[in-house]
Amino acid sequence: MPMPALFTLLDLAGVFAFAVSGAVAARNRGLDGFGIAALAFTVACGGGVMRDLCIGAVPPVGLSDWRYLAVSMVATLIVVGAHSLVERMAQPVLLFDSIGLGLFAVAGAQKALAFGHNAEVAVLVGTLTGVGGGVLRDVLLNRVPVILRREIYASAALLAAGIEVLGEWLQWGDGWRSWGAVLACFALRHLSLRYHWHLPRFDRRAGVGGDRGSD
């Protein structure tokens with residue numbers, strides 16, 4: 001698949017995944033229809049807008065390309081119209097958030113490289129793209145952002161962006177490299193939740209690393 005088409009596919013897939021995650025979270029918090037749609041779009045495109053502003057890709061594609069809004073609204077309609085189906089999936093918010101995290105981290109790194117930025121910028125922008133939507137979701141829902149809590153989150157996005165950038169430097173195949181990076185991010189996120197992996201967090205009272213963590 002040509003790189004522009006692959007990038008667009010990854011970006012739109014990430015938009016859909018994050019839109020579902022945002023819509024489910026908004027519905028669970030009792031928002032009305034407009035609130036659900038607004039939060040879904042913000043979560044779906046917020047990270048991409050941050051990415052584009054950072055690398056100078058203006059206007060941001062999430063605001064200028066109708067497909068991003070359309071995909072976000074389709075995801076919202078699925079959540080509102082088939083909520084019972086979505087709820088039957090195990091922890092739908094975490095599932096779609098983990099998928100979107102990897103997709104956006106890879107797409108963000110790809111776009112930064114395509115705009116001529118170096119590897120360091122690409123990894124950082126990829127990570128920002130991945131975590132940006134989730135941070136906006138948590139802030140708007142008055143929750144502590146997940147990247148500031150004990151779960152492995154930003155680290156998983158960093159892994160995906162790092163694999164993508166390293167694969168580009170080593171000239172690995174475009175398609176399997178990108179999907180492999182997404183899978184690695186999803187696997188790390190899923191396993192960390194299943195087995196309660198975390199990075200160390202320092203206890204102010206003890207002054208030493210405790211058994212809790214964050215990334």
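Everything quoted here is computed from the prediction, not taken from an experiment.
- Contact of the R29 side chain with the L39 side chain is not registered, since no non-hydrogen atoms from C-beta on lie closer than 4.5 Å.
- With rounding to the nearest 0.5 angstrom, the CG atom of L183 is 11.0 Å from the CG atom of L188.
- F34 and M73 fall into different hydrophobic clusters, where Ile, Leu, Val, Met, Phe, Trp and Tyr side chains are chained together by heavy-atom contacts under 4.5 Å.
- Panel note: side chain S72, backbone Y68; no donor-acceptor pair is recorded below 3.5 Å.
- How far CH2 of W169 is from CD of E164: 15.0 Å, rounded to the nearest 0.5 Å.
- In terms of heavy atoms, A184 sits closest to I163 at CB-CD1, 3.6 Å.
- Looking at every heavy atom in both residues, G102 comes nearest to V182 through O-CG2, 3.7 Å.
- For the atom pair L191 CG and F186 CZ, the distance stands at 9.0 Å (nearest 0.5 Å).
- Counting only distance, with no hydrogens or angles, the side chain of R189 and the backbone of A156 share no donor-acceptor pair below 3.5 Å.
- Inter-residue side-chain proximity for N118 and V121 is flagged as met; some heavy-atom pair is nearer than 4.5 Å.
- Minimum heavy-atom separation, A17 to I99: CB-CG2, 4.1 Å.
- A distance of 10.0 Å separates OG in S178 from CG in L9, rounded to the nearest 0.5 Å.
- Scanning all heavy atoms of the two residues, the minimum distance from V15 to A44 falls at O-CB, 3.4 Å.
- Taking the six-membered ring for Trp and thresholds of 30 and 60 degrees, F104 and F18 have ring planes inclined between 30 and 60 degrees apart.
- Atoms SG and CD1, on C185 and I152 in that order, are 11.0 Å from each other to the nearest 0.5 Å.
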Run the side chain to side chain contact (heavy atoms under 4.5 Å, CB included) check on L113 and V165 step by step: do they pass? CA-CA 8 Å; L113 291 173; V165 172; 4.3 Å; yes
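- In this structure, Q110 and D11 have side chains that are not in contact, with every pair of non-hydrogen atoms separated by 4.5 Å or more.
- Contacts classified as side chain to side chain donor-acceptor pair (under 3.5 Å) and involving residues 129-142 (residues at least two apart or in different chains) are given here: S21-R137, D97-R137, D138-R143.
- Between R51 and V61, the closest side-chain pair of non-hydrogen atoms falls below 4.5 Å.
- Residue V58 is not grouped with residue W66 when hydrophobic side chains (ILVMFWY) are merged at heavy-atom distances under 4.5 angstrom, including chains of intermediate members.
- The distance from the CG atom of L193 to the OG atom of S98 is 6.0 Å, given to the nearest 0.5 Å.
- When all heavy atoms of V123 and A161 are compared, the closest pair comes out as O-CB, 3.7 Å.
- Contact of the V49 side chain with the L63 side chain is registered, since non-hydrogen atoms from C-beta on lie closer than 4.5 Å.
- One hydrophobic cluster, built from ILVMFWY side chains closer than 4.5 Å, cannot hold both L69 and L103; they sit in different ones.
- Side-chain contact between K111 and I55 is present, with at least one heavy-atom pair separated by less than 4.5 Å.
- Side-chain contact between L10 and W179 is present, with at least one heavy-atom pair separated by less than 4.5 Å.
- Both Y153 and V139 are assigned to one and the same hydrophobic cluster, defined by single-linkage of ILVMFWY side chains at heavy-atom distances under 4.5 Å.
- The two atoms that bring V131 and A154 nearest to each other are CG1-CA, 3.9 Å, heavy atoms only.
- Note on L140 and F96: same hydrophobic cluster, where clusters join Ile, Leu, Val, Met, Phe, Trp and Tyr whose side-chain heavy atoms are under 4.5 Å apart, directly or indirectly.
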Steps toward side chain to side chain contact (heavy atoms under 4.5 Å, CB included) verdict (L124, L128): CA-CA 6 Å; L124 292 175; L128 173 64; over 6 Å; no
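- For the pair L53 and P60, the minimum side-chain heavy-atom distance is below 4.5 Å.
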Residues F16, I78; criterion side chain to side chain contact (heavy atoms under 4.5 Å, CB included); working and verdict: CA-CA 11 Å; F16 180 82; I78 290 174; 3.9 Å; yes
